[in-house]
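Taking it in order: structure first as C-alpha cells, then the write-up.
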Amino acid sequence: MSIRHVTMADLDAIASIESACFPQAEAATKDEFVKRIQYYGNHFWLLIDENQIVSFVDGFVTNQKDLCDVMYEVASMHDEAGLWQMIFGLNTLPSYRNKGCATHLMEQVIRDAKSQNRKGLVLTCKDALVSYYAKFGFRDEGISDKSVHGGVCWHQMRLTFRE
C-alpha cells in the first residue's frame with residue numbers, strides 16, 4: 001500500500017468512500033469535496049491498495065484553535081501557514097477496516113504536520129472513537145460547543161506538538 005495526495009480525478013472515489021463511512025447528514029458532499037481539493041488538495045492523504053483508494057484523511061490548516069462547523073463548508077478558510085492541522089474525516093472502506101489502514105494514514109498525517117512545524121492537530125469524533133484517537137496522543141477536550149455537525153455531539157480532540 002502507498003500514500004499520496006488527492007487529485008480531482010479522485011473525486012468520485014472519495015465521495016463514495018465518504019458516503020459509506022458517514023450518515024448523509026454528516027457526510028461531505030461531492031461539491032464540498034471539489035472546493036476542498038481546489039483549496040487544500042495537499043492536505044488529503046489517500047491510502048492506495050492496488051490502484052484503489054481504500055482510506056483517506058482530509059482537513060485544512062488554520063490559525064483558529066478550535067474546529068467549528070463552518071470549516072467543513074468553507075474551504076477558502078484554509079491558511080497554508082496556519083498553526084493547526086484540522087482533521088475533517090478519517091474514512092476507510094468497510095472491507096478494509098480493522099487492518100491498520102486508518103492507523104497507517106494517521107501516523108503519516110501526524111508526521112507531516114510535525115515536519116510542517118504545526119502546533120498540532122485537532123479533530124472531532126463521537127464517543128466510541130475517543131479511545132482510538134487517544135492511542136495517537138490526542139487528548140479529549142470534552143464535548144465541543146463549536147460543532148454540532150449533523151446534529152451529533154462531538155468530542156474535540158487535540159494532539160499538541162508544541163505550545
Side-chain angles (χ1 to χ4, degrees), residues 5-6 8 10-11 13-47 53 55-92 102-103 105-163:
H5 293 292
V6 74
M8 203 57 79
D10 300 314
L11 178 61
I14 63 172
S16 176
I17 294 169
E18 176 92 353
S19 67
C21 294
F22 287 100
Q24 186 175 359
E26 299 168 28
T29 66
K30 202 173 198 179
D31 289 339
E32 288 170 329
F33 277 129
V34 167
K35 292 291 188 195
R36 290 179 185 187
I37 293 168
Q38 289 171 339
Y39 279 95
Y40 53 91
N42 59 328
H43 293 274
F44 275 73
W45 293 262
L46 312 180
L47 185 64
I53 301 167
S55 187
F56 76 93
V57 174
D58 76 298
F60 69 41
V61 179
T62 181
N63 280 320
Q64 292 187 35
K65 186 179 176 200
D66 296 317
L67 196 153
C68 58
D69 286 342
V70 69
M71 292 176 175
Y72 294 110
E73 299 161 12
V74 185
S76 61
M77 291 176 68
H78 170 70
D79 175 1
E80 188 61 38
L83 296 172
W84 296 100
Q85 173 68 58
M86 299 290 161
I87 301 295
F88 296 154
L90 171 55
N91 304 271
T92 302
T103 296
L105 270 179
M106 280 303 296
E107 289 170 346
Q108 183 65 53
V109 173
I110 292 166
R111 280 193 301 272
D112 287 354
K114 278 183 181 176
S115 73
Q116 294 163 0
N117 203 32
R118 310 284 179 214
K119 272 186 113 169
L121 296 95
V122 178
L123 59 82
T124 58
C125 68
K126 296 174 185 169
D127 286 332
L129 291 172
V130 168
S131 63
Y132 175 76
Y133 290 110
K135 293 188 312 183
F136 298 101
F138 283 85
R139 293 183 188 246
D140 184 5
E141 296 179 336
I143 300 296
S144 172
D145 62 351
K146 294 176 177 64
S147 182
V148 292
H149 182 72
V152 175
C153 285
W154 299 96
H155 288 256
Q156 179 165 282
M157 299 196 69
R158 182 180 312 274
L159 174 59
T160 303
F161 305 138
R162 61 183 174 85
E163 292 304 317

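Numbering starts at 1 and runs along the sequence shown. Computed over heavy atoms, backbone and side chain alike; hydrogens, waters and symmetry mates excluded.
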- request: Heavy atoms only: give me the nearest L121-A113 pair and the separation to one decimal.
  value: CD1-CB, 3.9 Å
query: F88: what forms a ring pair (Phe, Tyr, Trp, His ring centres under 6.0 Å) with it, not counting sequence neighbours?
result: F60, Y72
- prompt: If every non-hydrogen atom of L105 is compared with every non-hydrogen atom of L46, which pair is closest and at what distance?
  reply: CD2-C, 4.2 Å
- prompt: Just how far is it from atom CH2 of W84 to atom CG of N63, taken to the nearest 0.5 Å?
  reply: 10.5 Å
- prompt: Who pairs with T92 by side-chain contact (heavy atoms from CB on, under 4.5 Å), at least two apart in sequence or on another chain?
  reply: S55, Y96, R97, C101, A102
- request: Identify the two heavy atoms, one from F33 and one from D58, that lie closest to each other, and give their separation to 0.1 Å.
  value: CE2-OD2, 4.2 Å
query: How many angstroms lie between atom CG of N42 and atom NE2 of H5, to the nearest 0.5 angstrom?
result: 6.0 Å
query: Taking only residues two or more places apart in sequence or in another chain, which ones pass salt bridge (charged side-chain N to carboxylate O under 4.0 Å, His left out) with R158?
result: D66, E141
Distance (rounded to the nearest 0.5 Å) between F44 CZ and I14 CD1: 4.5 Å
- line: Nearest heavy-atom contact between V61 and L83 is CG1-N, 4.3 Å
- prompt: salt bridge (charged side-chain N to carboxylate O under 4.0 Å, His left out) with K126: which residues, sequence neighbours excluded?
  reply: E26
statement: Applying side-chain contact (heavy atoms from CB on, under 4.5 Å) to V130 and not counting sequence neighbours gives C125, D140, H155, M157
message: If you compare all heavy atoms of L159 against all heavy atoms of F138, which two are closest, and at what distance to 0.1 Å?
response: N-CD2, 3.5 Å
- request: For K35, enumerate each residue passing the salt bridge (charged side-chain N to carboxylate O under 4.0 Å, His left out) test, keeping only those at least two apart in sequence or located in another chain.
  value: none
- request: Could you list the residues that satisfy side-chain contact (heavy atoms from CB on, under 4.5 Å) with S115, not counting sequence neighbours?
  value: none
message: How long is the straight-line distance from CE of M86 back to CE of M77, given to the nearest 0.5 Å?
response: 9.0 Å
- prompt: Rounded to the nearest 0.5 Å, how far apart are CH2 of W45 and CG of L90?
  reply: 11.5 Å
Residue pairs fulfilling salt bridge (Lys or Arg N to Asp or Glu O under 4.0 Å) with at least one residue in residues 109-121, sequence neighbours excluded: E80-R118
message: Applying side chain to side chain contact (heavy atoms under 4.5 Å, CB included) to I87 and V122, what does each step give before you reach the verdict?
response: CA-CA 6 Å; I87 301 295; V122 178; over 6 Å; no
- prompt: Between D69 and K146, is there a side-chain N and carboxylate O pair less than 4.0 Å apart?
  reply: no
query: Hey, does the side chain of Q85 reach the backbone of G59 with a donor-acceptor pair shorter than 3.5 angstrom?
result: yes
- prompt: Got a sec, which pairs hit salt bridge (Lys or Arg N to Asp or Glu O under 4.0 Å) with one end in residues 37-46, sequence neighbours left out?
  reply: none
- prompt: In Å, rounded to the nearest 0.5 Å, how long is the span from CZ of F56 to CG of L47?
  reply: 12.0 Å
statement: Applying ring pair (Phe, Tyr, Trp, His ring centres under 6.0 Å) to H78 and not counting sequence neighbours gives Y40, H43
query: What pairs with Y132 under ring pair (Phe, Tyr, Trp, His ring centres under 6.0 Å), at least two apart in sequence or on another chain?
result: F136
query: Quick one: does V6's side chain get under 4.5 Å of I53's, heavy atoms only?
result: no
task: Heavy atoms only: give me the nearest N91-E18 pair and the separation to one decimal.
output: OD1-OE1, 3.0 Å
query: Which residues pass the side-chain contact (heavy atoms from CB on, under 4.5 Å) test with D145, sequence neighbours left out?
result: none
